[in-house]
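Okay, so here's the structure we're looking at.
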Amino acid sequence: KGVLLFVATVFLIINGTGYSLENFNVLEQNKVIDQSGFVHLFGQIRNISNETQKTVTAHANFYDKSGHNIGNASGIISLRSLNIGQVSPFEIVFLDKNQTNHFFNYTLNFTSEIGSNKPDNLVITSAKSRPDIFGYYYVSGRISNIGNDTATNVLAVASFFDCNGRMIGLSSAIAEPSNMTSHSISSFTVVMDDKLQSSKIKNFSLLIDSDQYTSR
């Protein structure tokens with residue numbers, strides 16, 4: 001059985017707002033330079049197609065002010081698949097620090113395959129956050145599997161936002177235990193370790209994903 005591949009491309013200006021793509025709508029995007037000098041592109045996309053999309057990968061080509069290509073990078077979105085209408089954050093890291101000061105804008109495209117719908121049977125029952133004295137930011141909580149099947153490889157994903165609602169960080173962690181039988185509970189702790197950005201965090205959002213289920 002062949003694999004169906006979808007590609008959509010759009011030119012994005014830094015700090016612009018939502019762009020509609022063929023199968024995805026980019027809800028937001030933001031550029032951040034981390035404490036090591038690398039450029040991170042953060043964003044969120046919604047599946048606007050009429051089918052579940054899996055193995056969704058974000059690709060970016062980077063340009064200077066003169067429109068010259070200075071590099072490219074890609075990153076898999078945080079969720080394993082996106083049901084119709086579902087939203088996932090993504091992150092792309094530009095690893096050429098020699099070009100950081102020349103970075104001006106970029107083109108963005110997504111590739112994906114057709115997948116199967118995943119029920120939203122993972123429920124976040126509690127969540128709390130705190131910074132520590134070393135400059136790290138922690139989000140911890142508990143998850144309940146309300147489905148009838150075991151959820152395997154359960155992953156907690158946290159997106160972090162500043163006071164202006166801009167996405168400034170993305171981190172994830174495997175739940176403990178990572179395989180949740182029906183009606184069982186797991187805990188998670190996600191750490192934001194970019195100290196340059198952690199002090200700017202004013203809000204966060206959480207998603208839970210597994211091989212069988214996703215969160216509400």
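Basis for what follows: all heavy atoms, side chains included, without hydrogens, waters or symmetry-related copies.
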Any non-hydrogen side-chain atom of [X] less than 4.5 Å from a side-chain atom of [Y]?
X      : Y      : result
Tyr213 : Asp149 : yes
Lys118 : Asn83  : yes
Phe160 : Leu170 : no
Lys97  : Phe38  : yes
Phe161 : Ser205 : yes
Val32  : Gln197 : yes
Tyr138 : Thr189 : yes
Val56  : Ile45  : yes

Any donor-acceptor N or O pair under 3.5 Å, side chains [X], [Y]:
X      : Y      : value
Ser186 : Glu176 : no
Tyr137 : Ser129 : yes
Ser144 : His183 : no
Thr152 : Gln212 : yes

Would you please test Gln86 and Thr214 for side-chain hydrogen bond (donor to acceptor under 3.5 Å, both in side chains) and show each step? CA-CA 10 Å; Gln86 191 173 19; Thr214 187; 3.0 Å; yes
Without swapping roles, check the side chain of [X] against the backbone of [Y] for a donor-acceptor pair under 3.5 Å.
X      : Y      : result
Asn30  : Arg166 : no
Asp34  : Asp194 : no
Ser182 : Thr150 : no
Thr57  : Gly75  : no
Asn47  : Glu51  : yes
Ser74  : His59  : no
Asp209 : Arg80  : yes
Asn145 : Thr181 : yes
Gln35  : Lys195 : yes
Ser66  : His68  : no

Please report the interatomic distance [atom1]([X]) to [atom2]([Y]), rounded to the nearest 0.5 Å.
X      : Y      : atom1 : atom2 : answer
Thr55  : Ile114 : OG1   : CD1   : 11.5 Å
Ser81  : Asp211 : OG    : CG    : 9.5 Å
Lys54  : Ile77  : NZ    : CD1   : 13.0 Å
Ile92  : Leu108 : CD1   : CG    : 5.0 Å
Ile48  : Asn23  : CD1   : CG    : 7.0 Å
Thr107 : Asn109 : OG1   : CG    : 6.5 Å

Which pair of heavy atoms, one from [X] and one from [Y], lies closest together, and at what distance?
X      : Y      : value
Met167 : Gly43  : SD-O, 3.7 Å
Thr100 : Val39  : CG2-CG2, 3.8 Å
Phe188 : Ala175 : CB-CA, 4.4 Å
Ile185 : Pro177 : O-CD, 4.1 Å
Leu206 : Ala127 : CD1-CB, 3.6 Å
Val190 : Ala156 : CG2-O, 3.8 Å

Step by step, work out the side-chain contact (heavy atoms from CB on, under 4.5 Å) result for Ser140 and Lys128. CA-CA 6 Å; Ser140 57; Lys128 59 183 180 180; 3.7 Å; yes
Between Lys31 and Phe42, is NZ or CZ placed under 6.0 angstrom from the six-membered ring centre and within 45° of the ring axis?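 Ring-cation test returns no.
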Ion pair Lys202/Asp162, N-O distance below 4.0 Å: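 Answer for the salt bridge query: no.
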Is Val191 reachable from Val157 through a run of I, L, V, M, F, W or Y residues, each pair having side-chain heavy atoms under 4.5 Å apart?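 No; tracing contacts between hydrophobic side chains, which count when under 4.5 Å, never links both residues.
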Quickly, which of Ile70, Asn101, Asn105 forms a side-chain contact (heavy atoms from CB on, under 4.5 Å) with Asp64? Name it, please.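 Considering Ile70, Asn101, Asn105, a side-chain contact (heavy atoms from CB on, under 4.5 Å) with Asp64 is found only for Ile70.
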Tell me whether the rings of Phe90 and Phe110 are parallel (<30°), tilted (30 to 60°) or perpendicular (>60°).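 Rings of Phe90 and Phe110: perpendicular, over 60°.
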